[in-house]
Each structure stands twice: as structure tokens, then as C-alpha cells.
There are 2 protein chains.
Amino acid sequence: MGSPVQRRITIKDVAEMAGVGVATVSRVLSGGSASAETRERVLDAATKLDYRPSALGRNLRQQRSGGIALLVPDITDSFYARLTDGVLSCARSYREPVTIGVTGDDPEQEADLVGALLEQSMDRVIAVPSGDGEMWAPALRAGLSVVFADRRVWRDPAPGQRRVLDEVPAVLADDRAGVRTAVEYLTGLGHRKIGFLARHGQSYRMEAFRAAVGDALDEELVAPARASRDSAYAAAAGLLQRRPDITAVLTGDNMLGEAAVLAARELDVRIPRDLSLVMFDDVPWAELCAPPLTVVAQPAQDIGYRAAELVMRQGRRPRTVTLPTQLIIRGSCGPRR
Amino acid sequence: MGSPVQRRITIKDVAEMAGVGVATVSRVLSGGSASAETRERVLDAATKLDYRPSALGRNLRQQRSGGIALLVPDITDSFYARLTDGVLSCARSYREPVTIGVTGDDPEQEADLVGALLEQSMDRVIAVPSGDGEMWAPALRAGLSVVFADRRVWRDPAPGQRRVLDEVPAVLADDRAGVRTAVEYLTGLGHRKIGFLARHGQSYRMEAFRAAVGDALDEELVAPARASRDSAYAAAAGLLQRRPDITAVLTGDNMLGEAAVLAARELDVRIPRDLSLVMFDDVPWAELCAPPLTVVAQPAQDIGYRAAELVMRQGRRPRTVTLPTQLIIRGSCGPRR
DNA sequence: AATCCTGATGGAATCGTTTCCATGGGAAGT
DNA sequence: ACTTCCCATGGAAACGATTCCATCAGGATT
């Protein structure tokens with residue numbers, strides 16, 4: 001019930017009330033030139049009628065719907081939630097709406113979402129890419145401005161695509177340094193058999209781990225998981241059971257860290273006595289955990305904020321931004337026994 | 001540089017290639033009636049040209065931009081992240097994009113966002129309302145279909161507004177039962193001085209707490225906080241210091257639970273020996289905490305999913321949906337000493 | 001055979017904005 | 001005084017879809 005929905009106030013109404021043409025109203029409202037008197041009359045009419053320009057009309061005319069699209073693997077993951085928060089907080093200052101999609105780290109879903117983006121004529125995208133990134137080629141060709149966050153795309157054999165994808169700006173945490181610092185810390189404590197739990201999509205970290213460990217690398221100690229909690233737990237439990245000689249583990253994100261703690265408890269492996277644990281990404285609960293977790297902190301919110309800044313500054317093509325990580329030592333690591 | 005951006009394929013191109021009028025193409029593509037032969041020719045041309053209808057054109061014509069808007073207080077909060085995930089997963093099945101905004105539990109920001117929604121001609125909104133909800137009246141008048149999630153609006157003195165707001169469907173957790181169960185559990189353990197930590201916006205839970213405690217209520221034991229982590233910690237620490245006679249605390253959400261654990265540690269109040277703690281909302285880390293936290297679990301994801309379902313079914317006005325909560329007993333409560 | 005009806009079809013209007021272009025007037029320069 | 005220039009201004013086109021409405025063909029009915 002209630003009153004019937006009211007007709008929308010259009011620019012035409014404002015023009016009529018102010019006694020000017022619609023073109024003039026448009027110009028005044030978008031900061032074009034106009035005489036002081038006209039400007040005042042138009043502004044007056046606009047406020048009196050409580051006129052709000054329709055984004056629909058503008059978007060169609062300009063052939064692009066404003067706003068920023070954000071594609072993350074999993075909004076439930078604290079890291080991506082914080083990243084999202086950063087994007088939102090920057091977007092707010094530009095008064096741009098943010099449309100969000102979750103990819104589940106699945107290239108197919110990602111391609112789907114990119115298609116939807118094109119349909120919506122979104123022209124600004126921030127994405128955490130999952131696959132080899134080939135689905136981005138048509139989007140780039142269609143004129144979208146894309147910024148990658150947290151990861152770039154997998155190095156890909158196809159040389160043609162690669163160039164265009166390498167031009168996509170990216171905002172990253174300094175994985176390499178973060179992994180190196182963590183590994184050095186662990187080797188400093190005497191650990192030699194260090195395991196690494198990673199998800200697909202964390203290949204950069206996995207590579208950095210291989211580089212940091214160097215000769216001591218035992219491929220069996222690198223355990224990949226898929227994007228779900230169950231898969232994370234399975235990978236963690238599997239690694240600990242397969243290799244009881246392991247004395248330290250680094251996990252590629254907080255979900256895997258959680259899984260490692262649970263699996264260790266289940267298998268009666270005590271942290272840090274039997275196993276030292278370093279987790280990528282500092283989350284609020286790391287401090288509440290028993291024992292408090294030593295972590296490689298990443299500026300998640302900042303990554304999102306910077307990515308949003310980049311995607312808004314269409315003009316100059318900025319290069320990749322790398323933000324520092326920080327090793328925060330708490331209580332989950334001890335000397336090798 | 002890459003090739004120049006290509007011209008968009010429009011319905012006109014398809015019509016030309018198929019040798020029919022644009023009206024026919026539109027009809028075929030949106031499931032209207034057409035002869036089998038025409039249909040095939042159109043579909044053929046559409047695939048051959050890789051035609052994707054522009055949402056912009058459609059939206060303008062239909063005077064509404066599709067998609068769902070979602071307003072939450074804080075995307076960083078695990079509860080709202082899971083709720084968002086539920087919304088996204090339902091929206092995906094309708095192929096509807098989701099635009100998200102964070103209100104910070106601040107009515108002013110919320111009003112701002114609602115204004116932006118109107119500007120975008122969004123006509124489907126899911127919101128966790130923060131204030132007295134008066135900013136929703138113009139939106140409802142403009143024809144938006146709104147669904148509240150997790151909370152309804154504060155009961156408001158103004159009787160005119162109230163009716164229209166009470167018609168807004170809502171998907172809620174059963175706060176009342178959840179609070180009652182938790183309080184009964186604690187009183188069953190012998191606790192008499194039970195504190196309650198809540199945020200603004202959790203007035204329903206606060207009320208439920210007052211009802212559940214009944215005579216034993218001591219207003220000083222109810223501590224409100226604002227939406228930030230700092231404020232949560234301040235409220236928790238303040239409560240524990242002000243009233244050392246307190247033996248149990250119920251927190252209105254997981255951020256306050258986290259704050260309570262930290263504050264207790266800081267003040268050397270041991271859980272569960274000196275203080276029993278029940279937290280609203282089950283989060284993954286509740287199990288990892290020392291001690292593991294007893295919680296009132298809420299179906300966060302389900303709340304989001306159901307809300308999205310409701311907002312998509314324009315037709316029948318459904319009533320409020322209340323979903324059950326569940327007390328999960330872990331290790332953070334003990335008998336009164 | 002004339003009429004009616006049904007279903008397919010295409011032209012044109014429409015949504016609300018921005019922007020191109022033509023027009024007009026007033027100020028400045030010769 | 002005449003030309004030139006510039007700026008304010010408004011009409012109209014454009015964006016790409018949907019949808020109303022008129023038209024037309026062909027079959028069924030009287």
C-alpha cells in the first residue's frame with residue numbers, strides 16, 4: 001500500500017523550473033561554464049526539486065557504468081575481507097559504488113564474472129586473479145582498466161598474451177621478502193626440515209619458498225591445497241602424517257594456518273614443542289590462539305586501498321607497487337629438539 | 001599499445017545480420033514469441049557476433065538497474081563476511097551483481113549510502129540497519145524493495161513511519177532464544193552477576209538479555225560499545241575493572257568476545273576459572289582460542305542467503321524469517337567459584 | 001467469397017543524460 | 001563604425017535496449 005511511487009525528477013524538470021535548457025542544467029551541474037546568475041537559478045531549482053541525476057542516463061550516454069568491480073577468491077577469508085575494506089574506503093572518497101564477486105579461486109568462475117562485468121559495462125576492475133589470466137585478454141581489449149591485487153597472473157607460456165597482461169598494474173605484498181624472513185627465522189632456530197602449506201594461486205609464495213630454502217628443499221614437504229577449509233585441513237593433516245620428521249611449517253595464508261593448528265592438535269603434535277609454525281597473514285585471532293601464532297603480517301587493507309587508487313587514476317600507467325611485510329614473533333616457534 | 005578498442009556489438013548488428021528488425025531480436029533473446037526459423041537465424045547471428053546485450057541500455061529503458069545492494073556495518077567482521085557470502089551465493093544463481101557498502105553502524109553514513117543507491121536506481125537492497133531507520137522511508141516511497149538482515153530497525157516513537165518500516169521483511173537470528181539459552185546455561189552453573197557487552201545496534205539482544213536476567217538485572221553490568229575494535233576493548237576492560245564481582249560475561253558479537261578475552265588476559269582475570277565467557281557468533285577461531293570459547297552460533301551465511309531470496313521474490317510479501325541459534329559448549333565457562 | 005482472428009514482424013517512441021553544433025549578443029580590437 | 005572573437009545558451013542527436021502499436025500474411029469460420 002502506501003502512496004503510489006512518485007515520478008522521478010529529471011533534468012528536464014529542473015530546466016523548466018529554472019527557465020533554461022537542459023544542456024545548461026547539465027553544464028552547471030557538471031561544473032561547466034555558465035553565467036553566475038544562471039548558475040544560481042539552476043542550483044536553486046535543483047535543490048528545490050531535490051533533483052538527483054540518474055546514473056542510468058549518464059552511464060548509457062557515457063558508455064560506461066561507473067563504479068569499481070572487485071573480484072576476490074573468498075570474502076570469508078579475513079585477508080580478503082580486509083582488502084575489500086580498503087577498496088571500499090578508497091572508493092567511498094570518490095563516491096564510487098563497489099560491486100563484488102567471489103571467484104573461489106576457480107578460473108572458470110572468474111571468467112564467468114569477467115563476462116558479467118563486460119555486460120554491465122564496468123570499466124574499472126580490481127581482481128585477485130586465479131588462473132593463467134587468459135580470460136583477461138578480451139576484457140583488456142574491450143578497454144577495461146584492470147588492477148591486480150595480492151597476486152599477478154601465473155607466468156604463462158603464450159608469449160602474445162603475456163605482454164598485455166604484464167602491463168596490468170598490480171599491488172602486492174612483498175611475498176619474497178616475507179617468505180625469506182620467515183625461513184631465515186626458522187633456520188636460525190635450527191630447523192632443517194621445513195614444510196610449506198600453500199593453496200593454488202599462491203605460486204609466488206611457493207616459488208619464493210623454494211628459493212629461500214635452496215638446497216635443503218624436499219619437494220615432498222610442499223603441500224598444495226584447494227580453496228576450501230576441508231581441503232586445507234586435509235593438506236595439513238596429510239603433510240604431518242606423511243612426514244613425521246618435519247619440525248617446522250610455514251603456511252601460505254591464515255586458513256591454512258588454522259588448519260595446521262587443528263591438524264596438529266588432532267595428531268597430538270604440540271606447538272611449539274614438536275612443531276614450529278609460522279603463518280602468512282596476521283589476523284586478530286592469531287594473538288588469541290594457544291599458543292599465540294608467529295606470523296608474517298601483510299598490509300591487507302592498504303593493498304586494497306592502493307589498488308583502488310590505482311584503478312581510479314586512469315591517466316598515468318603506474319608500475320607495480322610492492323608493500324612490505326613484517327615478521328611478528330609470538331609463541332608458535334621454538335628451537336629444534 | 002595493443003589494438004584500438006573495438007566497437008561494441010549492439011542489437012542492431014544482430015538484427016542486420018539476421019535480416020530482421022531489432023524488435024524481433026529483442027523478443028527472441030528475452031524469450032518472446034517468434035517463428036522457429038527466425039529464432040534460429042537470430043540466435044545464430046548472435047553467437048556468430050558474440051553479442052552480449054548491454055545492461056546499460058536495458059537498465060535505462062526499464063528504469064531500474066538490476067543487481068542487489070548490500071549494506072553491512074563492517075565487512076571485516078567475520079559474521080558480516082559470512083552473511084555477505086550467503087548473499088553472493090544466492091545472487092549468483094540469479095546472475096545478479098551485488099554492490100556492497102559499509103555503514104560502520106553509523107546512521108549518517110547509512111543515509112548517505114541509501115542516497116547513492118537511489119541515484120543508481122538500485123531497486124533491491126539488503127541492509128543491516130543501524131539507526132532508527134527513518135532514512136529508509138524515502139527509499140521505500142521511491143519503490144525500492146528492501147529486506148533487513150540480522151536486525152530490524154530500532155522501535156521508534158514516530159508512529160507514522162513505523163508502520164511502513166514494520167512492513168519491511170527481515171531475516172533474523174533468534175536472538176531472544178539464543179540469549180535466553182546462554183543465560184540459563186550460565187545461571188545453571190551458579191552465576192548470578194552476569195555482564196553483557198553489546199554494541200549499539202544490538203539493542204534487540206540487549207533487551208533479550210534484560211528479559212532473560214529478569215530481577216537479577218544490574219544495569220551497571222550492561223556495557224555498550226561503538227563499532228571499532230578499540231571501543232570494544234575499552235568497554236570490555238572498563239566492565240571488568242568497574243565490577244570485579246562479575247563472574248560471567250555474555251558478548252553480543254565476536255569482536256566483543258575477542259576484546260573480552262584480551263581484556264581478561266591483560267587484567268589477569270583467568271577464563272574460565274575467574275570468569276565464564278559466552279560469545280555471540282561462532283567463528284572459526286573460537287575453537288583455536290585458549291580456552292576454546294563457548295558460543296551462541298548463528299547461521300550467518302544462511303541469513304544472507306535467505307535475505308537475498310526474499311529480495312528477489314518481489315511478488316508475495318513474506319513475513320519475517322527467524323532462524324535458530326545454537327549454544328555450542330566448549331571450554332570458556334565454569335562453575336561459579 | 002467475404003470476414004474474422006491469430007501470430008509474426010518491424011518501425012518508432014521511450015528512458016535521462018551528455019555533448020555537438022549553431023545561434024545570438026556583447027565586448028574588444030582595428 | 002565595422003569586424004572579430006568569445007562566451008553563454010538551447011535544440012537536437014546519441015547511447016542501446018524494450019515495448020507499444022500498426023501492418024500483414026495466412027488459415028479458419030460463416
Side-chain angles (χ1 to χ4, degrees), chain A residues 5-43 45-46 49-67 95 116 118-123 142-143, chain B residues 5-43 45-46 49-67 95 116 118-123 142-143:
Chain A
V5 300
Q6 60 209 3
R7 196 179 61 80
R8 183 173 190 117
I9 306 286
T10 76
I11 201 172
K12 224 168 161 180
D13 300 312
V14 179
E16 200 173 333
M17 185 174 197
V20 299
V22 289
T24 306
V25 176
S26 173
R27 264 188 304 256
V28 168
L29 261 32
S30 49
S33 70
S35 75
E37 195 227 336
T38 311
R39 177 177 307 272
E40 186 174 355
R41 277 224 312 284
V42 168
L43 258 32
L49 291 171
D50 188 32
Y51 166 67
R52 288 156 187 279
S54 154
L56 259 38
R58 182 191 354 240
N59 290 345
L60 176 58
R61 174 60 223 242
Q62 312 206 11
Q63 294 280 72
R64 53 191 215 78
S65 67
R95 310 210 90 239
L118 279 257
E119 222 158 273
Q120 300 286 331
S121 302
M122 301 239 90
D123 60 343
Chain B
V5 300
Q6 60 210 5
R7 197 179 59 81
R8 185 176 188 114
I9 306 285
T10 75
I11 200 173
K12 224 169 159 180
D13 301 312
V14 179
E16 201 172 331
M17 184 174 197
V20 298
V22 290
T24 307
V25 176
S26 173
R27 263 187 305 253
V28 168
L29 260 34
S30 48
S33 71
S35 75
E37 195 227 336
T38 311
R39 175 178 308 270
E40 186 175 355
R41 278 225 311 283
V42 168
L43 259 29
L49 292 170
D50 188 31
Y51 166 68
R52 287 154 189 280
S54 154
L56 260 38
R58 181 194 349 239
N59 289 346
L60 176 58
R61 173 61 222 244
Q62 311 202 343
Q63 294 281 69
R64 55 192 212 78
S65 67
R95 310 208 91 239
L118 276 271
E119 222 157 275
Q120 301 286 331
S121 302
M122 301 239 93
D123 61 342

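Residue numbers begin at 1 in each chain, while the letters A, B, ... track the order of the sequences.
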> Is the shortest heavy-atom distance from the side chain of P53(A) to the side chain of R58(A) under 4.5 Å?
Replying inline: yes

> Do L29(B) and L43(B) touch side chain to side chain, with heavy atoms closer than 4.5 Å?
Replying inline: yes

> Under 4.0 Å between a Lys/Arg side-chain N and an Asp/Glu carboxylate O for E16(B) and K12(B)?
Replying inline: no

> When you check the gap from the basic side-chain N to the acidic O, do D13(B) and R8(B) get nearer than 4.0 Å?
Replying inline: no

> Between CG of L60(A) and CG of N59(B), what distance do you get to the nearest 0.5 Å?
Replying inline: 9.5 Å

>> Nearest 0.5 angstrom please: Q63(A) CD to L56(B) CG, how far?
In response: 7.0 Å

Would you mind reading off the distance between [X] atom [atom1] and [N] atom [atom2], rounded to a whole angstrom?
| X | N | atom1 | atom2 | value |
| --- | --- | --- | --- | --- |
| D13(B) | dA17(D) | CG | C1' | 13 Å |
| L56(B) | dA14(D) | CG | P | 18 Å |
| E16(A) | dG10(D) | CD | C1' | 14 Å |
| N59(A) | dA17(D) | CG | P | 15 Å |
| R8(B) | dA17(D) | CZ | C1' | 11 Å |
| R64(A) | dG16(D) | CZ | P | 15 Å |
| R39(A) | dT9(D) | CZ | C1' | 13 Å |

Test your reading of the model: is there a side-chain donor-acceptor pair from [X] to the backbone of [Y], 3.5 Å cut-off?
| X | Y | answer |
| --- | --- | --- |
| S30(A) | S26(A) | yes |
| S121(B) | S65(B) | no |
| R41(B) | A18(B) | yes |

>> Side-chain N or O of S35(A) versus OP1/OP2 of dT9(D): is the shortest distance under 4.0 Å?
In response: yes

> With a non-hydrogen cut-off below 4.0 angstrom, is G21(A) in contact with a base, only sugar-phosphate, or nothing?
Replying inline: sugar-phosphate

Anything under 3.5 Å between a protein N or O and an N or O of nucleotides 19-22 of chain D, put it in a table, one pair a line.
| residue | atom | partner | partner atom | Å |
| --- | --- | --- | --- | --- |
| dT19(D) | O4' | R61(B) | NH1 | 3.4 |

> With nearest nucleotides of DNA chain C determined for G19(B) and K12(A) from heavy-atom distances, which residue corresponds to the more 5′ nucleotide?
Replying inline: G19(B)

>> Which is more 5' along DNA chain C, the nucleotide nearest A34(B) or the one nearest Y51(A)? Just name the residue.
In response: A34(B)

>> Quick check for you: name the first and last nucleotides of DNA chain C, 5' to 3', having an atom under 4.0 Å from a heavy atom of chain B.
In response: dA8(C) to dG16(C)

